[in-house]
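Keep in mind the model is a prediction, meaning the values are calculated, not measured.
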Amino acid sequence: MHFSSLFKGALVSTLVLSPMLGLMPAQAEMNKPNKSSTETTKIKTSQQAQTSILDIAKSNENFSTLVAAIQAAGLEEVLASNGQFTVFAPTNEAFAKLPQGQLEELLKPENKVQLVSLLTYHVVPSAIASTAIQPGTITTVEGRSLQLSIADSKLKVNDATVLATDIQASNGVIHVVDSVIIPMAQ
């Protein structure tokens with residue numbers, strides 16, 4: 001089955017069914033890029049590598065805005081599914097950098113298509129560890145490309161800086177970014 005068909009099927013299922021997901025908080029460590037390999041930062045997550053990307057985001061208060069956007073877009077089931085994804089996850093602080101009123105406007109039901117487009121631009125349809133990321137472009141679930149680069153020894157995704165990498169989930173990996181990644185004109 002082609003990925004886009006699977007994704008569209010999961011999206012349709014999400015819009016029809018709204019499953020309730022439980023949380024099982026735990027502590028996990030994630031590597032901070034551009035630091036020594038022994039330096040780590042604690043992040044509250046759900047059962048690391050045994051829980052979905054969605055559950056990890058739900059269990060971390062730094063992703064509450066992202067979770068609210070995922071819920072408003074109807075993408076919960078997709079990010080809890082068995083697929084393999086890489087999510088460049090903006091923090092609450094990243095969303096706070098958006099122009100005043102933009103997030104509120106995107107969260108309105110009549111703007112769901114734009115919100116889905118923005119969120120799926122943060123998702124790559126395969127799990128990619130930070131050690132496998134190379135400068136260049138990569139196609140997102142949304143269909144457009146992200147520009148990956150290294151500037152001042154920091155991994156960049158378009159204009160966003162990766163703050164933390166390789167948060168393992170049962171259905172992929174999360175890399176934390178400091179900005180909401182706005183699709184580039186192509």
What are the two closest heavy atoms between [X] and [Y], and how far apart are they?
X	Y	value
Ala169	Ile56	CB-CD1, 3.6 Å
Lys112	Gly74	CE-N, 4.2 Å
Ala69	Leu119	O-CD1, 3.4 Å
Arg144	Ser117	NH2-OG, 4.0 Å

Atom [atom1] in [X], atom [atom2] in [Y]: separation rounded to 0.5 Å?
X	Y	atom1	atom2	result
Lys156	Ser149	NZ	OG	7.0 Å
Ser52	Glu76	OG	CD	10.0 Å
Asp178	Lys154	CG	NZ	8.5 Å
Ile53	Ser170	CD1	OG	8.0 Å
Phe88	Leu148	CZ	CG	5.5 Å
Leu79	Asp55	CG	CG	10.5 Å

Is there any side chain to side chain donor-acceptor pair (under 3.5 Å) pair reaching into residues 124-141, and which pairs are they, with sequence neighbours excluded?
Ser130-Asp166
Taking the side chain as every heavy atom from C-beta outward, state whether [X] and [Y] have any atom pair closer than 4.5 Å.
X	Y	result
Ser179	Thr161	no
Thr165	Val173	no
Val123	Leu75	no

Around atom CD of Gln114, are there more than 12 heavy atoms from other residues, nucleotides or ligands closer than 6.0 Å?
yes
Counting heavy atoms not belonging to Gln100, are there more than 12 under 6.0 Å from its CD?
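Counting neighbours around CD of Gln100, 12 or fewer heavy atoms of other residues, nucleotides or ligands fall under 6.0 Å, so no.
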Donor-acceptor pair, side chain of [X] and main chain of [Y], under 3.5 angstrom:
X	Y	value
His122	Val180	no
Tyr121	Gly143	no
Thr86	Val124	no

Common cluster, [X]/[Y], ILVMFWY with side-chain heavy-atom separation under 4.5 Å:
X	Y	answer
Leu163	Phe95	yes
Val116	Val67	no
Ile70	Leu115	yes
Phe63	Leu103	yes

In a check of side-chain contact (heavy atoms from CB on, under 4.5 Å) between Gln147 and each of Val157, Ile138, Asn158, which one passes?
Asn158
Test applied, side-chain contact (heavy atoms from CB on, under 4.5 Å); reference residue, His175; option that passes from Leu155, Ile167, Ile133
Ile133
Those residues that, when tested against Glu105, pass salt bridge (Lys or Arg N to Asp or Glu O under 4.0 Å) (two or more places apart)
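Expected list: Lys108.
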Going by atom types alone, do Thr65 and Asn92 pair a side-chain donor with an acceptor below 3.5 Å?
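Judged by distance alone, the side chains do pair up.
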Evaluation steps, side-chain contact (heavy atoms from CB on, under 4.5 Å), between Ile182 and Leu98:
CA-CA 10 Å; Ile182 306 299; Leu98 289 173; 4.2 Å; yes
